[in-house]
Amino acid sequence: DQQVKQNSPSLSVQEGRISILNCDYTNSMFDYFLWYKKYPAEGPTFLISISSIKDKNEDGRFTVFLNKSAKHLSLHIVPSQPGDSAVYFCAAHNSGGSNYKLTFGKGTLLTVNP
Amino acid sequence: GAGVSQSPSNKVTEKGKDVELRCDPISGHTALYWYRQSLGQGLEFLIYFQGNSAPDKSGLPSDRFSAERTGGSVSTLTIQRTQQEDSAVYLCASSLVLLGNGELFFGEGSRLTVL
């Protein structure tokens, strides 16, 4: 039972264009969402997060949008750069619960072509 | 180093053997987590520690898996009688406080291959 789904295994975009990575979740108790980025042979690194009390959070070229009614979030990268090529994981958490785990999606491989 | 350190980085073992994977978290981080990533899968939560205590072990896949943490620092994940389905990258992460803002600092992982 996958509670966090990233339905696109891969995405390819041209340098300078916008990259949009999508994530859906099924557990309505999730109220905190994060994106992690992973390069080959490295551990994931935190990128950006959003609380369910917001619908948008922006950090430089990265913006995360949250649509609670649709249980959907997306990560926008603009403009995309070749160094953004990596696997992006969406993760979710129930901050009011007693289990301290992040639930991750399977990831989306982003390739930004020069 | 300043980051989370894991060893070994690669381990190839024969089915039925025991393996130990080590994690050295960032100094001062009270919380430590183990995840694994099997081929084509997302990160699967295994266990977390608050200090030396692991309140919830339900994420461990079977009773062949165990983990401990000593001195509020180094943690060891032990897999007994390894099976081929245990092949995965085992990732350790730490955070200053338990989950906090969700920002976990991951190590580079230990790639386990069971032949």
Side-chain angles (χ1 to χ4, degrees), chain A residues 1-10 21 23-27 30-54 57 59 64 66 73 86-109, chain B residues 1-10 21 23-26 29-51 53-60 88-111:
Chain A
D1 174 30
Q2 254 202 303
Q3 298 187 60
V4 176
K5 299 177 185 179
Q6 294 178 256
N7 292 320
S8 297
S10 64
L21 297 106
C23 176
D24 298 292
Y25 61 96
T26 58
N27 188 338
F30 288 148
D31 61 355
Y32 201 81
F33 305 89
L34 307 96
W35 286 92
Y36 278 77
K37 174 179 173 180
K38 185 181 182 305
Y39 292 117
E42 294 185 11
T45 55
F46 170 77
L47 188 57
I48 193 169
S49 63
I50 188 166
S51 162
S52 61
I53 62 173
K54 294 185 174 183
N57 188 25
D59 183 3
V64 57
L66 176 62
L73 62 155
V87 176
Y88 289 78
F89 290 99
C90 172
H93 171 57
N94 171 13
S95 64
S98 59
N99 83 58
Y100 294 92
K101 71 173 188 178
L102 296 180
T103 301
F104 285 84
K106 290 187 177 183
T108 297
L109 173 62
Chain B
V4 176
S5 177
Q6 291 188 246
S7 61
S9 53
N10 271 290
L21 307 176
C23 174
D24 211 332
I26 292 172
H29 280 194
T30 63
L32 184 147
Y33 316 79
W34 284 97
Y35 284 80
R36 75 174 176 181
Q37 186 180 16
S38 303
L39 193 63
Q41 302 298 313
L43 279 69
E44 175 191 4
F45 172 79
L46 299 179
I47 193 169
Y48 76 87
F49 288 88
Q50 173 63 15
S53 173
D56 181 5
K57 299 180 180 178
S58 62
L60 295 175
V89 177
Y90 289 81
L91 291 158
C92 176
S94 68
S95 60
L96 192 58
V97 297
L98 195 58
L99 210 52
N101 63 354
E103 182 176 1
L104 308 185
F105 294 84
F106 282 88
E108 294 183 352
S110 292
R111 180 178 295 277

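Below, chain A is the first sequence line, B the second, and so on; all start at residue 1. Values below: every heavy atom of this structure, side chains too, minus hydrogens, waters and symmetry copies. Just so we're clear, the structure is a prediction, and the values are computed from it rather than from any experiment.
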Next on the checklist: I need the Phe105(B) CZ to Phe46(A) CZ distance, nearest 0.5 Å.
Outcome noted: 9.0 Å

Item to check | Minimum heavy-atom distance Gln37(B)-Phe89(A), with the two atoms named | outcome: NE2-CZ, 3.4 Å

Checklist entry - What distance separates Lys101(A) NZ from Glu44(B) CD, expressed to the nearest 0.5 Å? => result 9.0 Å

Checklist outcome for this item: Rounding to 0.5 Å, atoms CG (Leu91(B)) and NZ (Lys38(A)) come to a distance of 6.5 Å

Item to check | Which portion of Tyr36(A) sits near chain B, non-hydrogen atoms under 4.5 angstrom | outcome: side chain

Checklist entry - Just how far is it from atom CD of Glu42(A) to atom CD of Glu108(B), taken to the nearest 0.5 Å? => result 6.0 Å

Checklist entry - With respect to Leu102(A), which candidate in Tyr35(B), Tyr33(B), Tyr48(B) satisfies the side chain to side chain contact (heavy atoms under 4.5 Å, CB included) definition? => result Tyr35(B)

Checklist outcome for this item: When the 4.5 angstrom heavy-atom criterion is applied to Leu104(B) and chain A, the contacting part is both

Checklist outcome for this item: Heaviest contributor of heavy-atom pairs below 4.5 Å to chain B, chosen from Pro44(A), Ser49(A), Gly105(A), is Pro44(A)

